[in-house]
There are 4 protein chains.
Amino acid sequence: METSALSQEMAAPSDPPSFTDPESPRGRLLRQAAHLFRDKGYERTTVRDLASAVGIQSGSIFHHFRTKEEILKAVMREAILVNTGRMRSRLEAVADTGEAVRTLVQCELESINGETGEAMAVLVYEWRSLSEASQAEILELREVYEGIWLDTLTRAKSDGLIEAEPFILRRFLTGALSWTITWYRPEGDMTIENLADHVMSMLKIPPA
Amino acid sequence: METSALSQEMAAPSDPPSFTDPESPRGRLLRQAAHLFRDKGYERTTVRDLASAVGIQSGSIFHHFRTKEEILKAVMREAILVNTGRMRSRLEAVADTGEAVRTLVQCELESINGETGEAMAVLVYEWRSLSEASQAEILELREVYEGIWLDTLTRAKSDGLIEAEPFILRRFLTGALSWTITWYRPEGDMTIENLADHVMSMLKIPPA
Amino acid sequence: METSALSQEMAAPSDPPSFTDPESPRGRLLRQAAHLFRDKGYERTTVRDLASAVGIQSGSIFHHFRTKEEILKAVMREAILVNTGRMRSRLEAVADTGEAVRTLVQCELESINGETGEAMAVLVYEWRSLSEASQAEILELREVYEGIWLDTLTRAKSDGLIEAEPFILRRFLTGALSWTITWYRPEGDMTIENLADHVMSMLKIPPA
Amino acid sequence: METSALSQEMAAPSDPPSFTDPESPRGRLLRQAAHLFRDKGYERTTVRDLASAVGIQSGSIFHHFRTKEEILKAVMREAILVNTGRMRSRLEAVADTGEAVRTLVQCELESINGETGEAMAVLVYEWRSLSEASQAEILELREVYEGIWLDTLTRAKSDGLIEAEPFILRRFLTGALSWTITWYRPEGDMTIENLADHVMSMLKIPPA
DNA sequence: GATGAATGAGGATTCATTCAT
DNA sequence: CATGAATGAATCCTCATTCAT
């Protein structure tokens, strides 16, 4: 399922083998795009804004992306791929199911409030700016990511760690975690670990 | 005399004594606006879209609202006012603190998934399309609403009903509840009461 | 020639037998129109501006005038008619040719800087806002007015009072006198008589 | 680096080092603008009119000017600068005060009836279409121009060449000369030199 | 006569995209 | 690869005019 999703997007010539080097022109463009799209919204960000943020002329943008929408899609794509990748590799070192849940919570909080935060916010807030075709593409990647979550929560349920339906619990969690972007400030007293602790205690899952 | 005449012809009063009659042209416009803004986004909804959804000409929009942004603001304003009002009146009949928390959860779920749902989604998703001046206006109304929540959760904390910080709990709840709009379907098996039950059990607050 | 011009405009039902009573709704409208057209220009003055300046609703304007342009035309028409009338009656009391020239100069300065000043300015500055048909109508009235000037200057020429071609002199005078509107201030030290004195001395026509 | 990039893409510089090359797109645009603004008035000239007169698309206008008003301002600005420049250079070759006055009269007649005539008419007739900020800008340029006139007339007064107040005389002259645009036809029998002769003889200043 | 909501054509301006250099 | 002038469709908004009340 994952491989099919991945191989499919390989087909499009404008979607290079992830991930883009952050120092390449394309990478810098994507970083600025995430920032501007998050800040002003996709529609209110002009191609000129983008170009001047990167230090090039507006026409040159189209040497890197076919359309403005492709930039939006790429921002979302890379965010999901990066975070799916990190989640997977962190999970490899974890055997205990409770610890696995905590790892996912922690990863998701990092993805939302860390370096990919702006891109993740764009993923949520600018979803409707994506054409249906692009939505379908991105959706496939999201399903991979959500699959990992559901697998883990289902294990937690059968292990008796949680009572709620995995499906529903995941949804409440998605909302609660993604909303942190609107109020959590990494510069403040609370670390992301503290945040994760709060969540785990609300779920009544004890530390391993 | 002439100045009074001037103000007399004032075409588009922006903030009428709430709430707008839903059958008035203004009311129908607001309902359609909430729908379209939710569906396509504020920026991608044109004034013509709006007009034709209401069955008037695009120019006529501006008899009711001075600018497109005023419509957005009015949508948000009325949504908050309606829901603050409902929350208040429901709370009057409730003495028990645990029951009060449940009432708020239930009210918020209704506001998000009921008639004002589209407007509430607009409030979240289109916030950045509001000018700073309008944001400040709406923020004031939101603070009244949030004040009620915080008061109640603070009482719950001192009553020993909850362990978490009211402040932080409210934020997790905001995210979890507002996110229901993305997945909860009133037509399905689960009622809003069921949803609220799930939330209360997650909070470990027993029924009164 | 004069009568034909006058009788012709009698034909149009919207052009009432001049002059409009200044206290009638129509009269007040024309006064405010002259003021606004002079102040902001015809195009930038909206029918709503006009209406609110008079203390009525915009729709009511059209009970008095068929179109906005009719208002412009009426402003011009009445200004010319009033000033032609005054010039004629003042001239009746004057026999001496030099004195007649001075009378015309004085009258024109009054028309430009007195009560009809705004309307006269509109006549000059908003000429192009008139349809060709209306321009023709107004032109006929202007020709009556200019006829009086030319008659008098021609007499002055044959009396040896002036050297210049009456035709050319009139044109320099038109410019010089109408331009006073841009700089002459009735409230200042210089009276309109003083102004007229300056002009007469420039023409080297001695007082009678 | 990014900020320099920002200013680099600045599309429409408003005040270039005068004067604009008449064959450049900007120059052709200004010439057509002067023509159309003179002919139909600024307000009644649409950006589309302008564009099609130059042979470009309406959107392309905004590569050369930020707003329609900037075009109006540029038309006026260049007209004053060109004419101030010419007046100055012509004056350099002139020692005699009487001759200097004649030079100014001649220059002004040329400015009004020659190549810059349409722009000069726009300067007079479309003044109110300029924002107050732009009016102030243009006013500064006009004051330089008027300063030259006043200096010369003041010298003429102390040389005993004229009797009238320089200040008032200048104003009558401004009106008389600018009005020539409404009646003088270069194609006719009278040359601009003839016109200037008429003016000088009216001023009773003998040829040098 | 007066009202004022509604009309609908038209205006200035924006902006993603193209392409010759 | 980069530029930046040009495009042209689309956007919000204005406003003279109409007409049912």
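A, B, ... follow the sequence lines: proteins, then strands. Residue 1 opens every chain.
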Worksheet item: Dot-bracket for DNA chain F, 5' to 3', counting Watson-Crick or G-U wobble pairs under 3.5 Å, with [ ] for crossing pairs and | for inter-strand pairs?
Response: .||||||||||||||||||||

Worksheet item: Over how many whole Å does the gap from B:Leu29 atom CG to E:dA5 atom P extend?
Response: 14 Å

Worksheet item: Can you check the B:Glu70 CD to F:dC12 C1' distance for me, whole Å?
Response: 14 Å

Fill in: Residues forming a side-chain hydrogen bond (donor to acceptor under 3.5 Å, both in side chains) with C:Ser60, sequence neighbours excluded
none

Practice prompt. Could you tell me whether the phosphate oxygens of E:dA2, OP1 or OP2, come under 4.0 Å of any side-chain nitrogen or oxygen in C:His64?
Written response: yes

Discussion item. Students often get this wrong, so: under 4.0 angstrom with heavy atoms, is A:Ile61 touching a base, only sugar-phosphate, or nothing?
Written reply: nothing

Item to complete: Sequence neighbours left out, what pairs pass salt bridge (Lys or Arg N to Asp or Glu O under 4.0 Å) with at least one residue falling in residues 124-134 of chain B?
Response: A:Glu126-B:Arg128, A:Arg128-B:Glu126

Worksheet entry | Those residues that, when tested against A:Arg44, pass salt bridge (charged side-chain N to carboxylate O under 4.0 Å, His left out) (two or more places apart) | B:Glu43

Worksheet entry | Nearest-angstrom distance from the residue atom CD1 of D:Ile56 to P of F:dT7 | 6 Å

Fill in: Integer-rounded Å distance: F:dT3 P and A:Gln57 CD
5 Å

Worksheet item: For D:Ser58, what residues pass the side-chain hydrogen bond (donor to acceptor under 3.5 Å, both in side chains) criterion, not counting sequence neighbours?
Response: none

Fill in: Interatomic distance where CG belongs to B:Leu50 and C1' belongs to F:dC12 [whole Å]
12 Å

Worksheet item: With D:Glu118, which residues qualify under salt bridge (charged side-chain N to carboxylate O under 4.0 Å, His left out), at least two apart?
Response: none

Discussion item. Between F:dT21 and E:dG1, how far apart are the two C1' atoms, rounded to whole Å?
Written reply: 13 Å

Discussion item. Run the side-chain hydrogen bond (donor to acceptor under 3.5 Å, both in side chains) test against D:Asp49 and tell me which residues pass, sequence neighbours left out.
Written reply: D:Lys40, D:Thr46

Item to complete: Find the distance between CD (D:Glu70) and CG (D:Leu130) and round it off to the nearest 0.5 Å.
Response: 10.0 Å

Worksheet item: To the nearest angstrom, how far is B:Ile71 atom CD1 from F:dC13 atom P?
Response: 8 Å

Practice prompt. Name all residues meeting the side-chain hydrogen bond (donor to acceptor under 3.5 Å, both in side chains) criterion together with C:Gln135; count only those two or more places apart in sequence or in a different chain, and write none if there are none.
Written response: none

Discussion item. For a quick check, with a 4.0 angstrom heavy-atom cut-off, what is the B/S/- contact string for nucleotides 13-21 of chain E, read 5' to 3'?
Written reply: BBSSBB---

Worksheet item: Rounded to whole angstrom units, what separation is found between the CG atom of B:Asp49 and the P atom of F:dC13?
Response: 14 Å

Discussion item. Under 6.0 Å from the ring centre and within 45 degrees of the ring axis: does the NZ or CZ of D:Lys68 meet both conditions for the six-membered ring of D:Tyr42?
Written reply: yes

Worksheet item: When the distance from CG of B:Leu72 to C1' of F:dC12 is rounded to whole Å, what number comes out?
Response: 15 Å

